[in-house]
Amino acid sequence: MQIKIFPNETELALTAADIFEETITKKPNAVLGLATGASPVLTYKELIRRCKAGVISFADVITFNLDEYCDLPRADKNSYYTFMQENLFGHIDIKPENVHIEDGNAADFEAECKAYDAQIAAAGYIDLQLLGIGTNGHIGFNEPGDAFTDGTFRIRLSESTIKANSRYFTDSKMPEYALTMGVGSIMKAKKILLIATGSAKADAIYNTVNGPVSPHCPASVLQTHPDAILLLDEAAAARL
Ligand code: GLP
């Protein structure tokens, strides 16, 4: 696991964008795994800037998002579908048919999860996977538990995640379930980039780097990935 620590979020985002640029330049039809939350926003802004400046193109890029809430209309302001349109897809030259996000409203969620895994496999798996991290060490919505998860599945969100994310749900109730890529799907990515900023992430980062590889801190599995890079600010790296 490579660890890079930055004095501010802007420099961190420039490095993250450089890694995306390198991946897309080498392979214009790269398969990208994308994340939501506050952590990737500045990186997405920089990718939009580079796309508008003609430095990179997403015309042949394929994307798979990590996760989506269940029982929340796609058009809801808090859906990850809306988040991705607003923070990235609506501003770049990606083809809508190349964008994949789980359907959290699927009537048969097991079939939806299986189909999602099949689409990732058919695309040749993920070249570059972007991750944030929950304060409890979750990646995607893989909450701490007794075993590492494998493919895409439906999860009941933990109390700590509901508490952390309910700040966004000012006019509606926060969903209790989500569909998420499993740890197994994430680990199949050729390269993994995890972004963490702020002191609230310091314990999760400590456990990710120095803790045992354990499903009680799902991100700790990255210790066993051959090409995982952690991009941290000083506050998130404070306990290292
Ligand atoms: C959410 C998402 C994760 C994200 C995490 C951290 O629960 N499902 O993919 O990494 O929260 O979010 P933030 O970056 O806003 O701290």
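Computed from a predicted model, the values in this text were never measured in an experiment. Whatever order the structure lists ligands and atoms in, that order sets their numbers, starting from 1.
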Verdict with reasoning, Glu22 to Lys26, per salt bridge (Lys or Arg N to Asp or Glu O under 4.0 Å): CA-CA 6 Å; Glu22 197 191 333; Lys26 265 195 208 145; 3.4 Å; yes
Show the atoms of ligand 1 that are less than 4.0 angstrom away from any heavy atom in [X].
X	value
Gly132	10 (O)
Ala38	13 (P), 14 (O), 15 (O)
Gly37	14 (O), 15 (O)

How far is [atom] from its nearest protein heavy atom, and which residue and atom is that?
atom	answer
atom 16 (O) of ligand 1	Lys201 NZ, 2.6 Å
atom 4 (C) of ligand 1	Thr36 O, 4.0 Å
atom 3 (C) of ligand 1	Gly140 O, 3.5 Å
atom 14 (O) of ligand 1	Ser39 OG, 2.5 Å
atom 8 (N) of ligand 1	Asp67 OD2, 2.8 Å
atom 6 (C) of ligand 1	Ile133 O, 3.4 Å

Working for salt bridge (Lys or Arg N to Asp or Glu O under 4.0 Å), residues Arg239 and Asp203: CA-CA 7 Å; Arg239 290 195 57 202; Asp203 287 346; 2.9 Å; yes
So, regarding [X] and ligand 1 (criterion: nitrogen or oxygen to nitrogen or oxygen, under 3.5 Å), is there a contact or not?
X	value
His138	yes
Thr161	no
Gly134	no
Ala35	no

Residue pair His225 / Met1, side-chain heavy-atom distance below 4.5 Å: no
Sidechain-backbone polar pair: Ser166 side chain, Ile162 backbone, donor-acceptor under 3.5 Å: yes
Donor-acceptor contact below 3.5 Å, side chain Thr224 vs main chain Val221: yes
Residues Ser160 and Asn136: side-chain donor-acceptor under 3.5 angstrom: yes
Thr161 and Glu143 side chains, donor-acceptor separation under 3.5 Å: yes
Location of contacts on Leu131 toward ligand 1, heavy atoms closer than 4.0 Å: neither
Ligand 1 versus Tyr80: contacting region, heavy-atom distance under 4.0 Å: side chain
Candidate list Tyr177, Tyr81, Phe141, Phe83, test ring-ring contact (aromatic ring centres under 6.0 Å, His included), partner Tyr69, passing option: Phe141
Close aromatic pair by centroid cut-off 6.0 Å: Phe64 and Tyr116: yes
Sole candidate of Thr149, Ile120, Asp67 that passes side-chain contact (heavy atoms from CB on, under 4.5 Å) when paired with Met181: Ile120
